Amino acid sequence: MKRKIVPVTIFALVLILATVCHAENIVKLSPHVTLCQNAVNGVFIEKDGQTLVIYGDPGGNLKKADKVLFTHSRRDVVWSGRKLVENGAESVVPVREADNFSKANDFWTSFIKTRFNDSRQQTTKVPIRPLRVDRKVSGGDTIDWQDLEVKVLDTPGYTRGAVSYFVNVDDITYGFVGDVIYGDGKLFDLYSLQDAVDDAKIGGYHGYAGRLGELISSLRKVSNQNPDILVPAHGPVIKNPKAAIGLLIQRLQATYKNYLSINAGHWYFKDNYEVLAARVLEPDDKVDWMPYAETIRKKPPSWIVPIHNSRLVLSGDGAGFLLDCGSRSIIEEIIKLRKSGRLSRLEGLLITHYHNDHTNEINELVRQFKCPVYCSRESKDILENPGAYRLPCLTSQGVPDLIALPDGHKMRWKEFNLTFYYFPGQTLYHDALLVEKDDAERIFFIGDSFTPSGIDDYCLQNRNLLHSGMGFFYCLDFLRKMPPDYLLINQHVLEPFRYNQEQIKYITEVLEKRKQILAHLFPWDGPNYGIDERWARIYPYGQKAKPGQRLEIAVKIFNHSNSSHVFTVRPNVPEGFQLKPKKASLTIKPRKEAETHFEITVPNTGSEKVHVITSDIKFDKWDLRHWCEAIIEVYP
Ligand SMILES: [Zn+2]
């Protein structure tokens, strides 16, 4: 008898667990207000048999609704309201983000080109299919529904044109605030805030969390509405809004102060950095700027010729070794040097990193000068196949026939000892070259990684990982162990420089502190999820195919947590495409990247040329829908 009972008990237990794990959480917030907590939040206000929805219905249970109010156009939120709108609900969207909804196709059609040489650095988590827009709203508007009046407030910051909605129901003032806050004083991520800061004359590429000023004033506006409850798009309901907002503002200010104090841009942009600081910090608060590098020389030794952001190492016999070639004017200068007799020929080229201003004209240079091109093993793929990535300032000009050298490879060239290094400073894919001239200077060419004022991490899309032994921690440790007489050369800085040991220690400590601040700021179980948009990515990002063709994609995931996780990956393919398998799971160790492969078959019919695939990612407490994407261009 006993033997028969056991399976039944297990079966029942499995059933209960399945229900608990997969069903959404339905919470009655007040007599007329229901919250559906699933991958994202959905709020239903019900009166006289009618329903007003905020965000959407992530559980997919509602048959219909009167209106769906969208706070912003993030794809990972908008999906939950799509079906209701397609079934007839009126869609209400922020006017400044309306095009992201209604013209989604236009975005992706132009993005196949604009993704190259892109220095705007906006997140691409926008819808991949258009959604009908019925009403566009902005701050000051009101939406009348039944006997309720919904107030609209402009709350830009997390996205450029977001709004929030405030309404009093059941004697409770509710605020629906999108992603301006998460839980009790956290923020979903920082990379979404990358943007130009016009009043400090800082462009999008240099604008680390550039919308922090806007976000903080939006948070203050939200607080001034005296809401009783905030329901953000993601995460828990906030029952003490003023305290949560106060804490978030403090954390954002601490993050920014920490960032500015050791940033490379302070050297380039000088007092404009005071403008940046003033936008975010309290009036009486000041940034503790690190003093510039202890040693700064006026110019490099005579055997190094700066040509825009390239550097030419000249041997006594007239041969040259070049670092980077991003523009025609550099090639013209090299031709001039040859004509003048100062340079006889080029015998090698090292690419410090993949950014277009360092790579755009390498193929033309090689055509004219026929020299070998070197890089590290870590950089080879992105240099050959830039289109397989979504990163800042990608060149469209992949470089073939690269000679990829192992880390620390030594080469004797003329009167120089050259040592090639992988050097993940300004980006994860970045190299450096140590050049030691016999009985003379020792110069360490570090690409764009450091300036006399600090580290170059102002573009959050560059993947500056904050794990010990990686990213700038790796680079700083490297500098710490260098023999004492080296000088650093940055491709954009004329003056060679060197930090002293205290400064190297100081920068490292500020970064350690940053890790702690970010661990409190983000809701993830590792701070790097909030500064690395590419922790989950589809590879290749862009590819071309013919109708009927079979393609392979890999979903690559970097586990930024301190523990192993099981990641479930479920790609979403456009109608008519076949996908095999439908989903996959992978267990990834802490601080490691792993990948899982899928086969996609393009349909034989259909005229559309640009298709976007997305992938859902589930791990830990996260259920992230339409999270990362890839583009397929179909040509007949
Ligand atoms: Zn660069």
Side-chain angles (χ1 to χ4, degrees), residues 115-122 191 194 196 202-208 210 259 262-269 306-311 322-327 329-330 349-362 365 373-376 378-387 389-399 402 420-433 444-465 470-472 474-476 478 488-497 531-534:
R115 73 193 185 94
F116 293 104
N117 304 301
D118 176 15
S119 54
R120 291 166 67 250
Q121 291 318 301
Q122 296 302 296
Y191 55 75
Q194 183 79 23
I202 301 290
Y205 177 77
H206 295 99
Y208 180 100
Y259 156 77
I262 53 162
N263 190 253
H266 192 220
W267 172 264
Y268 295 127
F269 301 106
I307 310 169
H308 305 294
N309 66 336
S310 282
R311 296 292 180 270
L322 190 68
L323 288 99
D324 297 339
C325 188
S327 64
S329 53
I330 293 167
L349 170 82
L350 172 84
I351 307 173
T352 62
H353 62 296
Y354 68 88
H355 285 159
N356 56 349
D357 59 325
H358 299 258
T359 49
N360 268 355
E361 293 298 331
I362 284 177
L365 182 95
V373 183
Y374 302 100
C375 66
S376 72
E378 287 82 352
S379 295
K380 184 170 186 268
D381 187 53
I382 192 168
L383 292 170
E384 276 179 352
N385 309 300
Y389 294 76
R390 160 68 182 147
L391 282 167
C393 308
L394 286 176
T395 180
S396 59
Q397 307 294 312
V399 183
L402 286 164
F420 297 79
Y421 293 104
Y422 166 59
F423 199 69
Q426 192 195 38
T427 88
L428 187 58
Y429 315 95
H430 194 292
D431 300 343
L433 180 67
F444 193 34
F445 292 93
I446 39 94
D448 289 358
S449 297
F450 295 90
T451 72
S453 64
I455 66 174
D456 184 330
D457 64 343
Y458 33 60
C459 186
L460 273 155
Q461 306 279 355
N462 268 332
R463 306 198 71 190
N464 299 122
L465 305 186
M470 293 186 201
F472 275 108
Y474 177 94
C475 299
L476 287 159
F478 194 101
L488 300 177
I489 288 190
N490 172 310
Q491 299 292 96
H492 296 270
V493 179
L494 179 70
E495 300 90 336
F497 62 97
I531 54 167
D532 178 23
E533 185 165 25
R534 303 292 138 209

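Here the structure is a predicted model, which means the values were calculated and not measured. Residue numbers start at 1 and run along the sequence shown. Order of appearance sets the numbers: ligands from 1, and atoms from 1 within every ligand. Just so you know, these numbers use all the heavy atoms, side chains as well, and skip hydrogens, waters and symmetry mates.
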Metal-centred angle, the Zn ion (ligand 1) as apex - OD2 of Asp448, ND1 of His355, 10° resolution: 170°

Indicate the ring-plane relationship of Tyr389 and Tyr429, choosing parallel, tilted or perpendicular according to the 30° and 60° boundaries. perpendicular

Under 3.5 Å donor-acceptor, Asp324 side chain and Thr359 backbone: no

Got a donor-acceptor contact below 3.5 angstrom from the Asn462 side chain to the Leu428 backbone? no

Between His353 and His355, what is the ring plane arrangement, given parallel below 30°, perpendicular above 60°, and tilted in between? perpendicular

Using a distance threshold of 2.8 Å, state whether an N, O or S atom of Gln426 lies below it from the Zn ion (ligand 1). yes

Taking backbone and side chain together, does Cys393 place any N/O/S atom at a distance below 2.8 Å from the Zn ion (ligand 1)? no

